[in-house]
Amino acid sequence: MMWVCPMHPEICREGPGVCPICGMALEPEAPTLDEGANPELVDFTRRVWIAGVLTVPLLVLSMGAEMTGIAIVPQGWSAWIQLALTTPIVLWAGLPFFARGWVSVRTWRLNMFTLVSLGVGAAFLYSAAATIAPGLFPQSIRMHGMVPVYYEAAGVVVTLVLLGQVLELRARAATGRAIRALLDLAPKTARRIVGSGETEIALADVALGDRLRIRPGEAIPVDGIVVEGRSSVDEAMLTGEPAPVLKTIGTTLTGGTINGTGSLVMKARAVGADTVLARIVRMVAEAQRSRAPIQAVADRVSGWFVPLVVAIAVVTFVVWYATGSFGHALLNAIAVLIIACPCALGLATPMAAIMVGTGRGARAGVLVKTAEALQALERVDTLVIDKTGTLTEGRPRLIAVETLGAMAEDELVALAAAVERPSEHPLAQAIVVAADDRKLATMAATGFVSTTGLGVAADVEGQRVAIGNAAMMVSVGAGPALLARQSETRRGEGSGVMLVAVDGRLVGMLVVADPIRETAKAAIADLHAEGLRIVMLTGDGRGTAEAVARAIGGIDAVHADLKPEDKARIVGDLKRGGAVVAMAGDGINDAPALAAADVGIAMGTGTDVAIESAGITLTKGDLAALVRARRLAQATMRNIRQNLAFSFLFNGIGVPVAAGVLYPMTGILLSPMLAGAAMALSSFAVVTNALRLNAVRL
């Protein structure tokens, strides 16, 4: 099995390891159903808990006396106790950072781990030397006769960076669940027909040409064609539409779709990696790996920031040593490294604004899975949106009843429900649900007949009731002309029309439609007003799609009659044309497009696969939350830029001051203790600014 870096797919190895560019752990390239624990997540979680437990007393010990004026332990013991607490934090909990930092230096691929190892190492080694051999340091730097130490800086930085790594690993694990949800669509076994008998075999053992039995309710194991039987198959994973598709001899079957109530025998035409489901899985996996984490921003900055800081520290030491002050040379060089420690820079992205922003989003019905999803959503200029279940409710309902003659609406609905009750078709069920909602008496139907392409008929209380299209009415002797104009109008609006005849006489029509979500029109208008181009994608026919687009308004382009690969292709075409694309959808068929887009947005009322494939989920499927998600992304990224700007400004001022540039003019020097305090203050400022996101109006 090959292992790849999720941020640098060009890094590919034959076994697990660490990316030499960014330091991230490699992940299996091939999707798998094995949902074993991530060893790195388990290891880092254990490390962050132990580091956190040790950091609390370390902070109390180091800061308690300064804040309260009361010595918690005798002064001579404090540094030794802090050394005992910090040593396991730095040398054990922080060991992966030093290992990756060393690799980054050896390969000259400087990243955040370089900054962590430099800052933490400088603070810890200086403090350890000050504790073990205080005589090496000049009397001028002593406070109350003791050489100051900065163990809390080293311990806190290690703990915070570990926590950030744990959060990142958990977010990355969620993408693996999306792949497993897709793989779970295919059954684990198949029933192969051999002679006059049947044998249950593993899915991997199915070969081209095998004859397979598909029993009612079972998932289709592989792609092929029907050679015996007749049944309706739920192909929502491909089309996103709720209507089952009738399968007869010679029609195609797709692995992962669900058989209805009939029994089928199929011949395998595509197995293994060649099936449609396998191709969808590959598309999702590849699209997920193509995303770059937001932490790459800090890593790119580190490429020039780290060597610059090291160079400044070296120059500081040389200049001060040349003046004859070894103590100041050492302390000022260490102060440069401590004040340039990456705490504020690291907190500026995942540890502050992202944590607060995602929490704020959760309260507004917006679940953010990854930081990069927010980053991408802020830059989006094109919204690609699915129709069924996203713009519409995804559940057909009876929206109108028109009668002819003296028949009442309720009587017409009751007769139609009696005929349609045995059917599993969503349009039929919409009529049955409407009858139940109206609390109409249940009537029994006999002599049920279904005519492909026309409709259904049955006897209800001595009357022959026929339901279907105009051709069905002609076949039973009921002319459809009386309702022709109304039928055309309703179909033009994207509704489904079923004419009803009783004993060969047209008595009315039933109008069934998938209602547009209440918030769709306002949400699309708001997004369009913000400059987004809106593109609708659907597996429905063009007439229905255009009718929905007209009803909602603000939709710039409509693509109809699409398969999953078509949706992903259109997203890819838009991206290649320079657009930054967000895809909103709810079905299995939307998963490849959700993963291929710059940011995927799933309806919380949709399928698990769509939710797992997307970077953002609207918990209640409310399109108004899509507007809130966009504003949340803008506010969060604005906050991150403020924090990054502050971090750069802080280092731009703090590093020269720590190096001693003000000393010739003012006599001011920045001791490592003040450098550590300044570093902590910068982190506090970043967190405080990020907390402002809790009050942002969405």
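Counting begins at 1 with the first residue of the sequence.
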Asks: Output the distance between atom CD1 (Ile385) and atom CG (Leu623), rounded to the nearest 0.5 Å.
Replies: 5.0 Å
Asks: With a 4.0 Å cut-off on N to O distance, would you call Lys567 and Asp386 a salt bridge?
Replies: yes
Asks: State, yes or no, whether a side-chain contact exists between Val380 and Leu532 at a heavy-atom distance under 4.5 Å.
Replies: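 They are in contact (side-chain heavy atoms under 4.5 Å apart), so the answer is yes.
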Asks: Could you walk me through whether Asp210 and Lys267 pass the salt bridge (charged side-chain N to carboxylate O under 4.0 Å, His left out) check?
Replies: CA-CA 6 Å; Asp210 280 351; Lys267 183 177 182 180; over 6 Å; no
Asks: Verify side chain to side chain donor-acceptor pair (under 3.5 Å) between Ser231 and Asn259, making sure each step is shown before the conclusion.
Replies: CA-CA 7 Å; Ser231 181; Asn259 185 26; 2.7 Å; yes
Asks: Which heavy-atom pair separates Ala457 from Met472 by the least distance, and what is that distance?
Replies: CB-CE, 4.1 Å
Asks: Mind checking the OG1-CD1 spacing from Thr382 to Ile534? Nearest 0.5 Å is all I need.
Replies: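 So the OG1 of Thr382 and the CD1 of Ile534 are separated by 8.5 Å.
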Asks: At what distance, to the nearest 0.5 angstrom, does CZ of Arg397 lie from OG of Ser495?
Replies: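 Arg397 atom CZ to Ser495 atom OG measures 11.5 Å (nearest 0.5 Å).
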Asks: Closer than 4.0 angstrom, basic N to acidic O: yes or no for Arg438 and Glu409?
Replies: yes
Asks: Hey, are the side chains of Leu537 and Ile570 touching, using non-hydrogen atoms and a 4.5 Å cut-off?
Replies: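 Yes, at least one pair of side-chain atoms sits under 4.5 Å.
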Asks: Does atom CZ (Arg230) have a neighbourhood of more than 12 heavy atoms from anything else shown, all under 6.0 Å?
Replies: no
Asks: Can a donor-acceptor pair be found, under 3.5 Å and without considering hydrogens, that links the side chain of Thr275 to the backbone of Val271?
Replies: no
Asks: Only counting residues at least two apart or in another chain, list the ones meeting side chain to side chain donor-acceptor pair (under 3.5 Å) with Glu518.
Replies: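 By the side chain to side chain donor-acceptor pair (under 3.5 Å) rule, Glu518 matches no residue at all.
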Asks: May I have the step-by-step check of side-chain contact (heavy atoms from CB on, under 4.5 Å) for Val465 and Met443, ending in yes or no?
Replies: CA-CA 12 Å; Val465 180; Met443 294 184 283; over 6 Å; no
Asks: Report the residues that fulfil side chain to side chain contact (heavy atoms under 4.5 Å, CB included) with Ile258, sequence neighbours left out, ordered by chain and then residue number.
Replies: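 If we apply the side chain to side chain contact (heavy atoms under 4.5 Å, CB included) test to Ile258, skipping adjacent residues, the hits are Ala219, Asp234.
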Asks: Is the backbone of Ala268 close enough, under 3.5 Å, to the side chain of Arg211 for a donor and an acceptor to pair up by distance?
Replies: no
Asks: Answer yes or no: are there more than 12 heavy-atom neighbours, outside Gln463 itself, under 6.0 Å from its atom CD?
Replies: yes
Asks: Under 4.0 Å between a side-chain nitrogen and a carboxylate oxygen: does that hold for Lys563 and Asp566?
Replies: no
Asks: Measure the spacing between CZ of Arg569 and CZ of Arg576 and express it to the nearest 0.5 Å.
Replies: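 CZ of Arg576 is found 9.5 Å from CZ of Arg569.
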Asks: Can you tell me which residue among Ile399, Val497, Thr403, Ile431 is in a side-chain contact (heavy atoms from CB on, under 4.5 Å) with Leu510?
Replies: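 Of Ile399, Val497, Thr403, Ile431, side-chain contact (heavy atoms from CB on, under 4.5 Å) with Leu510 is met by Ile431 alone.
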Asks: Salt bridge or not between Glu530 and Arg631? Use side-chain N to carboxylate O under 4.0 Å.
Replies: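 Yes.
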Asks: Taking Thr251 for its side chain and Lys247 for its backbone only, find out whether a donor-acceptor pair lies under 3.5 Å.
Replies: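 Between the backbone of Lys247 and the side chain of Thr251 there is no qualifying donor-acceptor contact (under 3.5 Å).
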Asks: Give the minimum heavy-atom separation between Leu506 and Ala478, together with the two atoms involved.
Replies: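 Taking Leu506 first and Ala478 second, the nearest heavy atoms are N-CB, 3.6 Å.
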Asks: Minimum heavy-atom separation for Gly554 and His528, please, with both atom names.
Replies: O-CD2, 2.9 Å
Asks: Between the side chain of Asp514 and the main-chain N/O of Pro396, is any donor-acceptor distance below 3.5 Å?
Replies: no
Asks: Quick one, Glu420 and Val456 - any side-chain contact, counting heavy atoms below 4.5 Å?
Replies: yes
Asks: Would you call Leu618 and Arg628 a side-chain contact if the rule is heavy atoms closer than 4.5 Å?
Replies: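 Leu618 vs Arg628: side chains apart.
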Asks: Which heavy-atom pair separates Ala520 from Leu391 by the least distance, and what is that distance?
Replies: CB-O, 3.8 Å
Asks: State, yes or no, whether a side-chain contact exists between Pro480 and Val474 at a heavy-atom distance under 4.5 Å.
Replies: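 In contact.
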Asks: Quick one: CD on Glu228 to CD1 on Ile214, what's the gap to the nearest 0.5 Å?
Replies: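 Answer for the CD-CD1 pair, Glu228 versus Ile214, is 12.0 Å.
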Asks: Quick test of your reading of the model: are Arg215 and Glu218 salt-bridged, counting only N-O distances below 4.0 Å?
Replies: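 Salt bridge: yes.
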Asks: Shortest non-hydrogen contact from Ala597 to Val581?
Replies: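 Heavy atoms only, the tightest pair is CB-O, 3.6 Å.
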Asks: Any side-chain heavy atom of Leu253 sitting closer than 4.5 Å to one from Ile225?
Replies: no
Asks: Roughly how far apart are Leu440 CG and Asp410 CG, rounded to 0.5 Å?
Replies: 4.5 Å
Asks: What's the verdict on side-chain contact (heavy atoms from CB on, under 4.5 Å) for Met536 and Val548, showing C-alpha distance, side-chain angles and the deciding distance?
Replies: CA-CA 10 Å; Met536 178 200 289; Val548 171; 4.0 Å; yes
Asks: Should Val627 and Leu527 be marked as a side-chain contact (heavy atoms from CB on, under 4.5 Å) after you check the CA-CA gap, both sets of side-chain angles, and the distance that decides it?
Replies: CA-CA 7 Å; Val627 181; Leu527 293 167; 4.1 Å; yes
Asks: Going by an N to O cut-off under 4.0 Å, is there a salt bridge joining Lys387 and Asp590?
Replies: no
Asks: Excluding sequence neighbours, so at least two apart, what forms side chain to side chain donor-acceptor pair (under 3.5 Å) with Arg505?
Replies: none
Asks: Looking at Ala434 and Leu398, what are the two nearest heavy atoms and their distance?
Replies: CB-CD2, 3.5 Å
Asks: Show, in sequence, the C-alpha distance, side-chain angles and deciding distance for Arg192 and Glu198, and conclude whether the salt bridge (charged side-chain N to carboxylate O under 4.0 Å, His left out) test is met.
Replies: CA-CA 6 Å; Arg192 182 163 59 192; Glu198 298 178 6; over 6 Å; no
Asks: Evaluate side-chain contact (heavy atoms from CB on, under 4.5 Å) for Leu377 paired with Ile601, printing each intermediate quantity in order.
Replies: CA-CA 9 Å; Leu377 185 57; Ile601 303 169; 4.1 Å; yes
Asks: Taking C-beta and beyond as the side chain, do Pro592 and Glu565 meet within less than 4.5 Å on heavy atoms?
Replies: no
Asks: In terms of side-chain geometry, is the basic nitrogen of Asp223 or Arg269 positioned less than 4.0 Å from the acidic oxygen of its partner?
Replies: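 Salt bridge absent between Asp223 and Arg269.
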Asks: Are side-chain heavy atoms of Leu626 and Leu383 found at a separation under 4.5 Å?
Replies: yes
